[in-house]
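Here is the structure we will look at.
Atoms within each ligand, like the ligands themselves, are counted from 1 in listed order.
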Amino acid sequence: MSTGTQPETQPAPRLERERGVVAAVPDGLLIGGDWRPAASGGTFPVEDPSRGRELRTVADAGAEDALAAAASAAAAQDAWAATAPRERGEILRRAYELLLERREDLALLMTLEMGKPLAEARGEVAYAAEFFRWFSEEAVRIEGGYQTSPDGKDRFVVMRRPVGPVLLVTPWNFPLAMGTRKIGPAVAAGCTMIVKPAEQTPLSMLALARILTEAGLPAGVLNVLTTSRPGEVVEPLLRGGTIRKLSFTGSTQIGRLLLEQSAEQVLRVSLELGGNAPFLVCADADLDKAVEGAMAAKMRNMGEACTAANRLYVHADVAGEFAERLAARMAALTVGRGTEPGVDVGPLIDEDGRGKVDTLVEDAVGRGAKVLTGGGHAPGEGYFYQPTVLSGVPADAAMLHQEIFGPVAPILTFTDEDEAVAAANATQYGLVSYLFTENLERAFRLSERLDTGMVGLNKGVVSNPAAPFGGVKQSGLGREGGRTGIDEFLETRYLAMPLG
Ligand code: NAP
């Protein structure tokens, strides 16, 4: 493995540019169209995970700010719902264009606060922007219906109405795209909103909020609360009676807690939760495609993705060659600070995230797994971990039963289809599975039997704003993106009238 450890001091122009993009992020909470400090005056630090150092501070919202944001979202709701769909669509379209215009600065900002390499951050900006383009097109395609009652006496008019003010809670791993995937349909549907970004990555969301304001989003439609005390901000909003819906992306554990809190006001709820994706390579697979797919499914975002391949089941006939080729590709990756040229793999998000990977690898190796490459920390000031491939991982290894959230690929073998499907489905999660085979019938047969919301067939990345993203079982409720994405933010109302 090659490790690009970053120099202690950056070249002056680069350092200046990094400071510039961080300093340009708006200061404060966005409430009712104003940027203002937290009511308490408190702030909290945002860290660069590649150096373990503070980048800057942001406002630390509490319950008082949450109530102010709820009042602002409620006050803006009726007027916003009454705007022309075309106007809402055009705001999103302008925001899409601004995101692409500012792609370089946004990518650098994301890399600084989250760690992913610049090339991946640029990809995320483009992916995030696509949600705005998609939902700018959906805003004008909200449809209803007209129906004759079965006895012929009445007519039913079916209309779609915005749900009302919504609360959007996002994770740190895709700081921009997980925001636009929720804000896009909320804007298109005519909902006002409060966004609570993750504590580790608030800067990308604040920069996005500024762009939406510049694109013409009226005051009060979008409110942003950065906080280091998520429970104090989120719980009063869920229980308060103003918010009508929660859309959450994050861990299953927190999703479950918020689902419980949402029960009191019987809120609409969309949850995009954790995954434990199986990656199946059949004996008839094209191994070039399978290795390429594994690299994408495992290494996107340093393995810190809900869609990350978490368990690789490879047919015994090809397992040796697959493992060898995957290990060679992983060993050739360059680990380092995401802003450095040529870096493929950035740091993990924090010491806890890396500590969890340490524990899982030690556990698997202790139970007899063999390290083909990697297996420990990579050098550098930040939370670096070596790209790792393990073979012969026993079924009771802890990493097969929870999200690894790191650059570690455990390989297991199978000999028949039923065994592979049973192993793949033996989890509480059901977000995505990956399947590599050149046999069409097997591809369909296994796709029907894999118990996940999405299947990547000979493909290591399934995310696309035009497709319905989401999971089954404890991976979530509802879908984001695609034709159904906007439905999550709409209610159905019907009007009954007699027709004499
Ligand atoms: P997390 O710990 O569940 O946090 C997600 C969000 O919830 C953050 O904004 C967090 O704020 C907030 N939160 C934490 N505790 C809370 C509480 N008691 N009350 C209210 N809000 C609370 O997840 P994460 O570590 O940020 O993200 C990684 C997880 O997200 C993984 O499980 C991953 O699989 C999942 N994910 C799923 C998808 C999908 O589409 N299915 C996509 C991306 C990620 P703080 O940052 O302040 O803790």
Closest non-hydrogen atoms of M110 and V125, given as atom of the first, atom of the second and distance, are CE-CG2, 4.0 Å
Counting each atom of ligand 1 from 1 as listed, which ones have a heavy atom of T170 under 4.0 Å away? 6 (C), 8 (C), 9 (O)
Where ligand 1 meets L258 - atom numbers and elements under 4.0 angstrom, heavy-atom basis: 19 (N), 20 (C)
If the cut-off is 4.0 Å to any non-hydrogen atom of N173, which atoms of ligand 1 fall inside it? 43 (C), 44 (C)
Do the ring planes of F322 and F279 sit parallel (below 30°), tilted (30 to 60°) or perpendicular (above 60°)? tilted
State whether F469 and R181 meet the cation-pi test: NZ (Lys) or CZ (Arg) under 6.0 Å from the six-membered ring centroid, and within 45° of the perpendicular axis. yes
Of the protein's non-hydrogen atoms, which lies at the shortest distance from atom 45 (P) of ligand 1, and what is that distance? E199 N, 3.7 Å
Contacting atoms of ligand 1, where contact means under 4.0 angstrom from a heavy atom of V234: 20 (C), 21 (N)
Heavy atoms only, cut-off 4.0 Å: how does E304 contact ligand 1, side chain, backbone, both, or neither? neither
Please compare T226, I254, T201 and report which has the shortest non-hydrogen distance to atom 16 (C) of ligand 1. I254
Taking atom types as modelled, is there a side-chain donor on N301 or K116 under 3.5 Å from an acceptor on the other? yes
Mark up the atoms of ligand 1 that fall under 4.0 Å of a heavy atom belonging to R181, in ascending order. 39 (C), 40 (O)
S136 side chain to R93 side chain, donor-acceptor N/O pair below 3.5 angstrom: no
Minimum non-hydrogen distance to atom 35 (C) of ligand 1, winning option of G471, G250, G476: G250
Atom 11 (O) of ligand 1: nearest protein contact (heavy atom, Å): K196 NZ, 3.1 Å
Numbered atoms and elements of ligand 1 in range of G231, under 4.0 angstrom, heavy atoms: 19 (N)
Report the part of V233 in contact with ligand 1, treating N, CA, C, O as backbone and CB onward as side chain, heavy atoms under 4.0 Å; options are side chain, backbone, both, neither. neither
Nearest protein heavy-atom contact for atom 41 (N) of ligand 1: which residue, which atom, what distance? L273 O, 2.8 Å
Just which atoms of ligand 1 are under 4.0 Å from any heavy atom in F469? 39 (C), 40 (O)
Shortest protein heavy-atom distance from atom 21 (N) of ligand 1, along with the residue and atom involved: P230 CB, 3.6 Å
For Q474 and R256, test the side chains for any donor-to-acceptor distance below 3.5 angstrom and give the result as yes or no. yes
Could you tell me, atom by atom, which parts of ligand 1 come under 4.0 Å of a heavy atom of V169? 6 (C), 7 (O), 9 (O), 12 (C)
Please state which option from C306, G470, P171 has its nearest heavy atom closest to atom 38 (C) of ligand 1. C306
Does either side chain, that of E113 or that of T201, offer a donor lying less than 3.5 Å from an acceptor on the other one? no
Check: D396/H401 side-chain N/O donor and acceptor closer than 3.5 Å: no
Flag the pair F405 / W172 as yes when their ring centroid distance falls below 6.0 Å, and as no otherwise. yes
Side chains of T249 and K182: any donor to acceptor distance under 3.5 Å? yes
Just checking, is any N or O donor in the side chain of D60 or T43 under 3.5 Å from an acceptor N or O on the other one? no
Part of Q253 with heavy atoms under 4.0 Å of ligand 1, whether side chain, backbone, both or neither: neither
Looking at E137, I want to see if its CD is surrounded by more than 12 non-hydrogen atoms of other residues, nucleotides or ligands under 6.0 Å. yes
Report the member of V432, D350, I349, L257 with the shortest heavy-atom distance to atom 18 (N) of ligand 1. L257
Is the shortest distance from atom 4 (O) of ligand 1 to a protein heavy atom below 4.0 Å? no
